[in-house]
Chemist: 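I'd like to ask some things about the structure below.
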Protein chains: 2
Amino acid sequence: MSNMGNQLISNVFKALAHPTRIQIVKLLRNGELCVCDILPNLDSEQSNTSQHLTVLKNQGIVESRKDGSKVIYSVKNKEVYEMVDLVEAIILRQIEETKTSLSNR
Amino acid sequence: MSNMGNQLISNVFKALAHPTRIQIVKLLRNGELCVCDILPNLDSEQSNTSQHLTVLKNQGIVESRKDGSKVIYSVKNKEVYEMVDLVEAIILRQIEETKTSLSNR
DNA sequence: TTATTATATTAGAAATATCTAATATGGTGA
DNA sequence: TCACCATATTAGATATTTCTAATATAATAA
């Protein structure tokens with residue numbers, strides 16, 4: 001019934017359940033980036049972005065290292081990319097279905 | 001920047017961001033089930049379970065059909081199973097890492 | 001040292017998700 | 001028809017997330 005594992009699993013999904021955090025993952029797909037390079041690609045405040053990065057880090061999705069005064073983030077578990085791709089596949093199929101059901105009336 | 005697609009993607013992750021909904025997906029992995037057979041396997045109220053099923057359905061993760069007075073649910077987009085497996089892989093790796101870092105002191 | 005840049009942390013307000021309890025709907029069988 | 005079973009819907013209370021604004025920290029440069 002109420003399973004510890006399901007809690008852990010849903011925590012990872014929860015970390016990905018925000019558009020800004022998806023955008024961050026997509027940005028990191030081309031390689032590691034410092035916060036200073038992530039910031040201008042998002043429309044969210046510096047402090048808010050920092051909080052989103054923390055959420056991703058807490059679930060092991062990204063990791064970070066310091067480089068002088070900068071902090072460099074990268075994706076830690078590459079499975080995340082596959083997950084995003086799978087979701088996109090689901091969405092595309094849903095859209096096709098919607099189109100079909102619209103033309104059938 | 002603020003991308004429509006990221007919103008759609010995060011909506012799917014959000015649908016999976018709850019332990020009860022993960023449990024439902026796992027139950028359906030063995031095949032379709034009526035609500036009456038899902039209910040006793042969860043520890044959440046009937047009305048609450050119904051709401052969770054609606055969330056999954058709204059994101060195209062499950063679908064349903066009627067059979068007499070019963071409603072049968074099944075997973076609609078099988079990618080969901082892969083996603084759960086990928087998350088489990090991430091979690092296992094994180095646990096290994098934690099174990100290692102604990103023994104190294 | 002002091003100022004500056006890069007990033008993180010905090011507190012609290014606002015938005016959203018979740019749960020419970022009550023009620024509604026719709027099919028089935030007496 | 002009436003009563004019953006299976007499921008969905010609703011309203012409102014509670015819990016959780018998200019955001020903003022202010023402040024803290026830490027590295028570097030002047």
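Lettering of chains follows the sequences in order, A, B, ..., and the numbering in each one begins at 1. The figures that follow rest on heavy atoms only: side chains count, while hydrogens, waters and symmetry mates do not.
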Chemist: Would you mind reading off the bend of the helix from C:dT1-D:dA30 to C:dA30-D:dT1 from its two end axes, five pairs each, to 10 degrees?
Modeler: 10°
Chemist: When we call it a touch if two heavy atoms are under 4.0 Å apart, what does B:S47 touch: a base, just sugar-phosphate, or nothing?
Modeler: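 B:S47: base contact, heavy atoms under 4.0 Å.
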Chemist: Could you tell me which residues satisfy side-chain hydrogen bond (donor to acceptor under 3.5 Å, both in side chains) with A:E88, sequence neighbours excluded, listed by chain and number?
Modeler: none
Chemist: Just how far is it from atom CD of B:E82 to atom CD of A:E82, taken to the nearest 0.5 Å?
Modeler: 8.0 Å
Chemist: Between the main-chain N or O of B:I72 and the side-chain N or O of B:D67, is there a donor-acceptor pair closer than 3.5 Å?
Modeler: no
Chemist: Looking at B:R29 and B:D85, is any side-chain nitrogen of the basic one under 4.0 Å from a carboxylate oxygen of the acidic one?
Modeler: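 Salt bridge: yes.
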Chemist: Please answer: with hydrophobic residues joined when any side-chain heavy atoms are less than 4.5 Å apart, are B:L53 and B:L16 in the same cluster?
Modeler: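 They do share one cluster, since a chain of ILVMFWY contacts under 4.5 Å joins B:L53 to B:L16.
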Chemist: Starting at atom NZ of B:K70, determine the distance to atom P of D:dC4, rounded to an integer number of angstrom.
Modeler: 19 Å
Chemist: Using 4.0 Å as the upper bound for N to carboxylate O, is an ion pair formed by A:R93 and A:E96?
Modeler: no
Chemist: Within this structure, what is the CG-to-P distance between A:N48 and D:dC19, rounded to whole angstrom?
Modeler: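 Those two atoms, CG and P, are 4 Å apart.
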Chemist: Which distance, rounded to the nearest 0.5 Å, do you find between the CD of A:Q59 and the NZ of A:K76?
Modeler: 11.0 Å
Chemist: Taking atom CG of A:N41 and atom NZ of A:K26, what is their separation to the nearest 0.5 Å?
Modeler: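 Result: 13.0 Å between the selected atoms.
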Chemist: Could you state the interatomic distance from CZ (B:R65) to CD (B:E32), rounded to the nearest 0.5 Å?
Modeler: 4.0 Å
Chemist: Hey, can you pull the residues of residues 58-65 of chain B with a non-hydrogen atom under 4.0 angstrom from DNA chain D?
Modeler: none
Chemist: Quick check for you: to the nearest 0.5 Å, what is the distance between B:E79 atom CD and B:M83 atom CE?
Modeler: 9.0 Å
Chemist: In terms of hydrophobic clusters joined by side-chain contacts under 4.5 Å, are A:I91 and A:V80 together?
Modeler: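 A:I91 clusters together with A:V80.
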Chemist: For the CG atom of B:L39 and the OG1 atom of B:T49, what is their distance to the nearest 0.5 Å?
Modeler: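 Interatomic distance, B:L39 CG to B:T49 OG1, rounded to 0.5 Å: 5.0 Å.
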Chemist: Between P on D:dT18 and CD1 on A:I24, what's the gap in Å once rounded to a whole number?
Modeler: 12 Å
Chemist: Considering heavy-atom distances to DNA chain D, does A:D67 or A:H18 have its closest nucleotide positioned more toward the 5' end?
Modeler: A:H18
Chemist: Tell me the interatomic distance from A:L16, atom CG, to D:dT18, atom P, rounded to whole angstroms.
Modeler: 12 Å
Chemist: Kindly say whether A:K14 contributes a backbone atom to a donor-acceptor pair with the side chain of A:R21 at under 3.5 angstrom?
Modeler: yes
Chemist: Assign each of A:S44 and B:Y73 to its nearest nucleotide of DNA chain D by heavy atoms, then name whichever residue's nucleotide is nearer the 5' end.
Modeler: B:Y73
Chemist: How close or far is atom C1' of D:dT7 from atom CD1 of B:I72, stated in whole angstroms?
Modeler: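 Answer to the nearest Å: 12 Å.
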Chemist: At a heavy-atom distance below 4.0 Å, what parts of residues 30-38 of chain A sit against DNA chain C?
Modeler: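 The answer is A:C34, A:V35, A:C36.
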Chemist: Looking at side-chain heavy atoms only, is the closest gap between B:Y81 and B:V25 below 4.5 Å?
Modeler: yes
Chemist: From NE2 of A:H52 over to C1' of D:dT18, roughly how many Å is that when rounded to an integer?
Modeler: 7 Å
Chemist: Quick check: does any side chain N or O of B:S50 sit under 3.5 Å from a backbone N or O of B:Q46, one acting as donor and the other as acceptor?
Modeler: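 The answer is no, because no donor-acceptor pair under 3.5 Å joins these two groups.
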Chemist: Which is the 5'-most and which the 3'-most nucleotide of DNA chain C that has an atom under 4.0 Å from a heavy atom of chain A?
Modeler: C:dA6 to C:dA11
Chemist: Check nucleotides 11-13 of chain D for protein N or O atoms closer than 3.5 Å to its own N or O atoms and list the pairs.
Modeler:
none

Chemist: Taking B:N3 for its side chain and A:Q23 for its backbone only, find out whether a donor-acceptor pair lies under 3.5 Å.
Modeler: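 No, because the side chain of B:N3 does not come within donor-acceptor range (under 3.5 Å) of the backbone of A:Q23.
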Chemist: If I take atom CD in residue A:Q46 and atom C1' in nucleotide D:dT20, what distance separates them, rounded to the nearest angstrom?
Modeler: 12 Å
